[in-house]
Amino acid sequence: MIEDIELETLINDVYEYYGFDFGSYSRASLKRRVNRLFHLDGFTHFHEFLSRVRYDPEYYKRMVDEITVNVTEMFRDPSFYRVLRNEILPLLGTKPFIRLWHAGCSTGEEVYSMAIMLKEAGLLHKSLIYATDINASVLETAKKGIFPLRMMKEYSENYRDAGGQEDFSNYYIANYGIAKFNEELAEKMVYSQHNLVSDTSFNEFDLILCRNVLIYFDNDLQKRVINLFDESLAVLGFLALGTKETIKYSISPTKYKQFEKEKIWRKVK
Amino acid sequence: MEKSEVITGCKVVIIGGSAGSLNALMQILPEIPKIKDFAMVIVLHRKSTDDQTLEDLISLKSNVPLKTVEDKTPLVPGFVYVAPSNYHLLFEKNDFLALDTSEKINFSRPSIDVSFESAAEIYGESLVGILLSGSNTDGTAGLQAIQAHGGTLVVQNPLAAEMPFMPNNAILYTEPHFVLHNHEILKLIISINSPND
Ligand SMILES: C[S@@+](CC[C@H](N)C(=O)[O-])C[C@H]1O[C@@H](n2cnc3c(N)ncnc32)[C@H](O)[C@@H]1O
């Protein structure tokens, strides 16, 4: 395993050379990711790795792509999606126009899950889904809407557990190990690069989803990001986090009301 | 075995298990009256869809109070913690827990290796790692890390394990300080940090 001091040097160098601040990322996970890349790419001395990152912007890009954790699923935590479908979407449906933001959308599985639910609720035509991530490579994948075919069995089970009634395989075309999702689903998606550490609010939303992203941040950065979401959320809009994340420590509890036991909060003022 | 029979200076006891480990745990855990000066962390292979059933079972059976693990939950002596399904459980400096959704390791999330390695880095000599029954190799690399950082290694006696493969594998590739039956594991845990009892 790499040393703590090596990790701190890397963080400082990246900030100095590229202006990106990993200083507020949770160390335990970050250290594992850097260690993994260091060995994966066959380095033996940390200083070699450091100078490669410093002087090779392409490699720096690779490093950012590799140390961010991009694992995602369609309809991960089906019970969460069931609540979205049954409780939240009907409330949003009364609006003439619905704006959503997936922050840290990774390869887009979550975004397509949302589009499927909006379509089934008859709301997709009046929705606009912004999906952002810091990692440019995952956004390219997301735009294509192409996911591994071998995952579809699990996803269709998740879909069903989340209250889906249709034949899930109608949503994609299977071909040589890939599942290409219907382009109609992607019509209302807008993908762009956005860094939660340094970029500002860019619109006002009715529903912001940021699931399993905050776990990689320390408490201070979490607070800043939650406040960024607060600035970006319309009154009576919803904020949804991952099943193990909370806004409790980040913002005044009088401003937000938790939706039952779910990790969904409604901005009440 | 260089460690004396009684473990002192322990801050964290981490228990890992897979197939067949729940029964063993249920023989041990309910008999522990209370723990002082250290926290107990349980990492079991579990279904990704299992929400709270394991936590509910443990808090029902255990005298040691359970604290639910969320992101950045503080690790406090006297409590038991359970790694949630579908996340890896990591340890941060200053005694708090962190979660991570990265790839499965040994087909598992939570993976025992990931948690053991992370705990070893933070707690070093004040860590006790206990590996129970299972039918894959998860846990061995974790115990190696605990060994390298000077912690104490305990492996369930394969004869007592429903699935002996995991303990056997650990015994093959590490030098456990203790290889114990369930009631002996219980006795050991109760004696931790209590040299006079
Ligand atoms: C584990 S994925 C979560 C994917 C999806 N939301 C889910 O829950 O399945 C975390 C994502 O956060 C992104 N991320 C990490 N740091 C970020 C930052 N500073 N700004 C924006 N996105 C970031 C990563 O690139 C990664 O795609």
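The structure presented is a predicted model; accordingly, all values stated were derived computationally and were not measured. Quick note: numbers below take in every heavy atom, side chains included, and nothing from hydrogens, waters or symmetry partners.
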Within 45 degrees of the axis of the six-membered ring of B:Y87 and under 6.0 Å from its centre: does A:R76 put its NZ or CZ there? yes
NZ (B:K61) with more than 12 external heavy atoms under 6.0 Å: no
Within the structure provided, determine whether A:Q222 and B:D71 are in side-chain contact (heavy-atom separation under 4.5 Å). yes
B:K72 and A:S26: side chain donor to acceptor below 3.5 Å: yes
Please state whether the side chain, the backbone, both or neither of A:E154 comes within less than 4.5 Å of a heavy atom of chain B. neither
Verify, without hydrogens or angle tests, whether B:E70 (side chain) and A:E245 (backbone) share a donor-acceptor contact under 3.5 angstrom. no
Nearest-0.5 Å distance that lies between atom OG1 in B:T68 and atom NZ in A:K244: 7.5 Å
Atom NZ of A:K31: over 12 foreign heavy atoms under 6.0 Å: yes
Just by distance, with hydrogens left out, do A:Y216 and B:T101 show a side-chain donor and acceptor under 3.5 Å apart? yes
Just how far is it from atom CZ of A:R27 to atom OG of B:S118, taken to the nearest 0.5 Å? 14.0 Å
A quick test of your reading: do over 12 heavy atoms of other residues, nucleotides or ligands sit less than 6.0 Å from CG of A:L40? yes
Could you check which of B:S102, B:A98, B:P84 has the highest count of heavy-atom pairs closer than 4.5 Å to chain A? B:S102
Against chain B, label A:K263 side chain, backbone, both or neither, depending on which of its atoms sit under 4.5 Å from a heavy atom there. side chain
Is there a salt bridge (charged side-chain N to carboxylate O under 4.0 Å, His left out) between B:E103 and A:R33 once you walk through the steps? CA-CA 11 Å; B:E103 298 77 6; A:R33 299 301 288 178; 3.1 Å; yes
Between B:V69, B:D100, B:L90, which residue shows the highest count of heavy-atom pairs closer than 4.5 Å to chain A? B:D100
Find the one option among A:I215, A:D218, A:D161, A:N219 whose heavy-atom pairs under 4.5 Å with chain B are most numerous. A:I215
Could you look at A:V69 and say if it's the side chain, the backbone, both or neither that has a heavy atom under 4.5 Å from chain B? side chain
Answer yes or no: is there an ion pair linking B:E92 with A:R32, defined by an N-O contact shorter than 4.0 Å? no
Okay, A:D4 and chain B: the region with an atom under 4.5 Å from a heavy atom over there is side chain
Examine whether an atom of A:T243 lies under 4.5 Å from a heavy atom of chain B, and if so say whether it belongs to the side chain, the backbone or both; otherwise answer neither. both
